[in-house]
Structures are given as structure tokens and as C-alpha cells.
Colleague: 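Pasting a structure below so you can have a look.
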Amino acid sequence: MVIGGSNGSMEVVEYLLNNLPSGFEIPIVIVLHRLRNVKNLLKQVLEHHTRHAIKEPLDKESIQPGYIYLAVPNYHLMIEKDKTFSYSYSEPVNYSRPSISVLFETAADVYGEHLAAILLTGANADGASGIERIKDKGGFTIAQDPKTAKSAYMPQAAINTGKTDCILTVTEIIATLKKINNDTINAD
Amino acid sequence: MEISEEEKDELTGLIKLRYGYDFSNYANASILRRIDRFTKLNKMQSFFELKNELMNDEALFSSFILEVTVNVTEMFRDPEFFVCLKKKVFPKLQTYPHRKIWHAGCSTGEEVYSTAVMLTESGLYNNTRIYATDINHKVLKQARDGVFPARAMKEYTTNYIRAGGEKSFSDYYSAQYDEAIMKSTLKKNVVFSMHNLVSDSSFNEFNLIICRNVMIYFNKELQERVLGLFYESLAPLGFLALGNRESLLFSEYRKYFEEVDKVNKIYRRID
């Protein structure tokens, strides 16, 4: 599962992590736009909201169930075919580094239909092309309801691609996660 | 225009035959994106066109290398790294009468000049020789010239201060119109030369090797090769400094090193 967000999304992510269904083992990878060269405390903040371990992965680290992975500032985070993480310091994409689209697109290429994506509140259009790619590769895409989002721009840009499966409020996202979790557990 | 992994493999094979550069072990996700970017910038419509043009146009291939290898860098990138370097590595370097430092994958030189500044402020510069190498002669020339956009200096000054710079950053360059020219004293003891981490071998023994945010573009196999090369190129008790997303954790070579700083990924060869 991949989650992306910008302005206003930290509170949403805190809420989501606080309310993850029990027994949720699907690995989650999160890209939140963050200020570069500012002291990096997001991991510590988020750790208070979940019993899951939160990691800022190393290059070539492998994705494990039950973990939550957080993109660090100032690098693009990507996923490789062998289900490991890789990094790039290349130019910002959609004015962003880390770029949500970069993570989403590489995840789509690797996971195809075994991928769910949630795009949250934010003030730029990063992530929209990522949502498109995920849907094109058979994945499941959710945009936060722009009406309830702190900044409607980001989820709206994704919705405008026509490739979002659902537009959900935060509470509805939790319910959907529960369903995804049940489906995954039953499928095993 | 997206190319598939098979097409990428075909392309890297052709490039190796034609030009001698081996990109086959670069990390996939990144190189596919770089190639995609290159085809967009050059308005190419098909893989066939890309292949054809690259094989037949050397100047284009030259720009391809520039594009495909990420050369984005800045002075005092990750200022905490330089703080750590001064605090934990320099005092040990001080104990040697002469020192050799290798900046592997120096790109356009910003990191080299940063190290030179720090060495100068710690009184270590004079008996130190820095070898700055890269795969690309164009970026090496830029590094050698030491000319950077003046508009970048504001951010570099902030980084310099956060890196523990003791003077005024403007002491180290002269500004002319929209360019900042690094003082030539900073490169007095620096040798800039071509070196390819994929294919070339060890050429000296160093007290410190700095290779930051270069290996993230390599796959695991190539990383291991390069780490072996670094191991061979380090004097006993020599230091190895990697980028903060990199580590020795997944390498066979980790048993030959001790961790000097976990956060800033500085290691020391203990054999």
C-alpha cells in the first residue's frame, strides 16, 4: 500500500495509523512532502500513533510485511522489481523531492494489481500521474475527498485524471482499509 | 516514452559494445526513469529511434551519459555529515604527516570544494592530496573550473554555516556577474581525473574515501564490486564515507569495517 500527501496530510496519516485494523500486515510506504534541511522528526511523531514499526528504509532494504516505511526528505524513494527500496537524488518532480508520483509509478510497475494507493490533501499536483499509472497497472486507487481535505488541490488533480476508484473521507478510508485487510487475510 | 526492462538491457548491451560504458548493473527503477527523461528531452518517439541515434551520434551519446548519470549535487550537502567529518574523522587524519583522500564520483565538484574548505579550516589542507574522479569528462571539467552559479551561493552559505564553517563563506569564492568562482587555493592539492567505478581498478591507497549518493544508482551486485574496490583502496584504519541512505549493512565487506558514525554512514577499515 502506498500513501502520498502534502500540506495537511500529517494529521490524516496520524489518524490512519492510529486506526489501522488489527492484524494489518500489509506493508505501507508513505511519501509526505517535507521541508528539506529541516530537522527530521516526522518518524518520531508518527511512532506515537502506531504499534507498527516505522522505518526510514536504507537503499536496497527489502519490503517486509507488518512494517510502515517513511520516505526521508530530499531523496526520491522508489521500489525495485525484487521488492527492495532504491533512492535517487535527481531533480525534483512536480517541484517535489521526494515525489509521490515517483514512488507510485515505480510501485505500480512492481506490484501491478496487488497495490492500493491513497492520495491525501496537498497543495500541488504531485501524485496525479502516479495514481494514473497505478490504475493502468490494475491497482486500486483512493483519493481523499477534496471537500473534507485541508488542501483540495492534490486529491482533485488525481480525481481529474479519471483514474480514481474511490473518493473517500478519512473515516471511509479506515473502513476501506478494514475491507482490504479482510480480503487479504481471507485470500491467504 | 517508456522503455521496457528488456529494451533497456538491449540498449546497455549496445552501448557497452559501441562505447565501452557498462550501465547494465545500474539500479533499474532509476535508470529507466533517466532514459525516459532523456527521450522526452530529445523528443524521441520510439525505442528504435533512441537506439539508432545513440549508436550513430557520439555527441548525443555524450549528452546521454550526462543525463543518465545523476549529477545533481550541492556544496555542504547534508551539513551534519561535514560536522561529523570534522569531529570524528579529521582528528584521526591529523595524526598522519601526509594524507590522501579520494572523492569517488565527484560530479561537478561541489562536494570536493566543500571538503577542501573544511580541511583548510582544520589546518589539514597543506599535507593532503585529494583525488577527485568521475566517469564523465564534461563534469570533471566543470569541477576543475570551480565555477558555480552565483544564485546558489546563498543556499551554500546556509549549508556552510550549518556544517560548522568557522569563517565567512564568501572568503572562498569571488563573485562575477552571475558566477561564483571558487578560490584556486582550494584546488591546489586536488587532482581531477577520469575513473569508472564499474570497470576500473584500484589506483592508490587512501586514508579517506568519500562516495556519497553515487552507489544508490547501482544495483546490489555493482555496489558489492565497488565496495570491494574501496576496501582494496583503503589504508589500514582508513575511513569510508557513504551517503546517508547507503550502508555496509547488506555487504559481505561489513565485517572488515567498524561503524564510526551510524547516522552519517562513516566507517573505518579494521580488517
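Below, chain A is the first sequence line, B the second, and so on; all start at residue 1.
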Colleague: Checking Arg212(B) against Tyr89(A) for the side chain to side chain contact (heavy atoms under 4.5 Å, CB included) test, could you report, in this order, the C-alpha distance in whole Å, the side-chain angles of both residues, the deciding distance, and whether it holds?
Modeller: CA-CA 11 Å; Arg212(B) 305 177 64 236; Tyr89(A) 197 79; over 6 Å; no

Colleague: Does any backbone or side-chain atom of Val72(B) lie under 4.5 Å from a heavy atom of chain A? Answer side chain, backbone, both or neither.
Modeller: both

Colleague: Got a second to check how far Asp78(B)'s CG is from Asn74(A)'s CG, nearest 0.5 Å?
Modeller: 7.5 Å

Colleague: So do Arg133(A) and Glu2(B) actually touch side chain to side chain, heavy atoms under 4.5 Å?
Modeller: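 They are in side-chain contact.
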
Colleague: Which distance, rounded to the nearest 0.5 Å, do you find between the CD of Glu91(A) and the CZ of Arg37(B)?
Modeller: 3.5 Å

Colleague: For chain B, find which of Met78(A), His76(A), Lys60(A) contributes the most heavy-atom pairs closer than 4.5 angstrom.
Modeller: Lys60(A)

Colleague: Using non-hydrogen atoms only, which part of Leu249(B) is less than 4.5 Å away from chain A: side chain, backbone, both, or neither?
Modeller: side chain

Colleague: At a heavy-atom distance under 4.5 Å, which candidate from Glu246(B), Arg77(B), Glu5(B) has the highest pair count against chain A?
Modeller: Arg77(B)

Colleague: Indicate the atoms forming the closest heavy-atom contact of Leu58(A) with Ser247(B), along with that distance.
Modeller: CD1-OG, 3.7 Å

Colleague: Can you tell me which portion of Tyr87(A) sits under 4.5 Å from chain B's heavy atoms? Options are side chain, backbone, both or neither.
Modeller: both

Colleague: Quick check on Phe61(B): does its CZ atom have over 12 non-hydrogen neighbours (other residues, nucleotides or ligands) under 6.0 Å away?
Modeller: yes

Colleague: Taking all non-hydrogen atoms of both residues into account, name the closest pair between Arg245(B) and Pro57(A) and its distance.
Modeller: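 Closest heavy-atom pair between Arg245(B) and Pro57(A): NH1-O, 2.8 Å.
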
Colleague: Give, as side chain, backbone, both or neither, the part of Ser88(A) having an atom under 4.5 angstrom from any heavy atom of chain B.
Modeller: both

Colleague: Can you confirm whether Lys8(B) is buried at NZ, in the sense that more than 12 heavy atoms of other residues, nucleotides or ligands lie under 6.0 Å from that atom?
Modeller: yes

Colleague: For the candidates Asp82(A), Val72(A), Thr84(A), Asp109(A), which exhibits the highest count of non-hydrogen atom pairs separated by less than 4.5 Å from chain B?
Modeller: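 Top option by heavy-atom pairs under 4.5 Å: Val72(A).
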
Colleague: Does a side chain donor of either Glu80(A) or Asn219(B) reach within less than 3.5 Å of an acceptor in the other side chain?
Modeller: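 Glu80(A) vs Asn219(B): no donor-acceptor pair found between side chains.
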
Colleague: Please flag which part of Asn28(B) lies under 4.5 Å from any non-hydrogen atom of chain A: side chain, backbone, both or neither.
Modeller: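 Contact with chain A involves both backbone and side-chain atoms of Asn28(B).
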
Colleague: So, taking the atom named CG in Asp59(A) and the one named OH in Tyr217(B), what distance separates them when rounded to the nearest 0.5 Å?
Modeller: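 These two atoms lie 10.0 Å from each other.
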
Colleague: At a 4.5 Å cut-off on heavy atoms, which part of Val110(A) comes close to chain B: side chain, backbone, both, or neither?
Modeller: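 Neither; nothing under 4.5 Å.
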
Colleague: Does atom NZ (Lys81(A)) have a neighbourhood of more than 12 heavy atoms from anything else shown, all under 6.0 Å?
Modeller: no

Colleague: For each of Arg34(B), Met215(B), Lys220(B), tally heavy-atom pairs with chain A at distances under 4.5 Å, and name the one with the top tally.
Modeller: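 Between Arg34(B), Met215(B), Lys220(B), the count favours Arg34(B).
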
Colleague: Does Glu259(B) CD have over 12 foreign heavy atoms under 6.0 Å away?
Modeller: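 Check passes, neighbour count above 12.
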
Colleague: Nearest 0.5 Å, what's the CZ-OG distance between Phe250(B) and Ser62(A)?
Modeller: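 That separation rounds to 7.0 Å.
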
Colleague: Might you confirm whether atom NZ of Lys178(A) has over 12 heavy atoms from other residues, nucleotides or ligands at distances under 6.0 Å?
Modeller: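 12 or below, so no.
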
Colleague: Under 4.5 Å heavy-atom distance to chain A, tell me which part of Asn71(B) shows up: side chain, backbone, both or neither.
Modeller: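 The answer is neither part of Asn71(B).
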
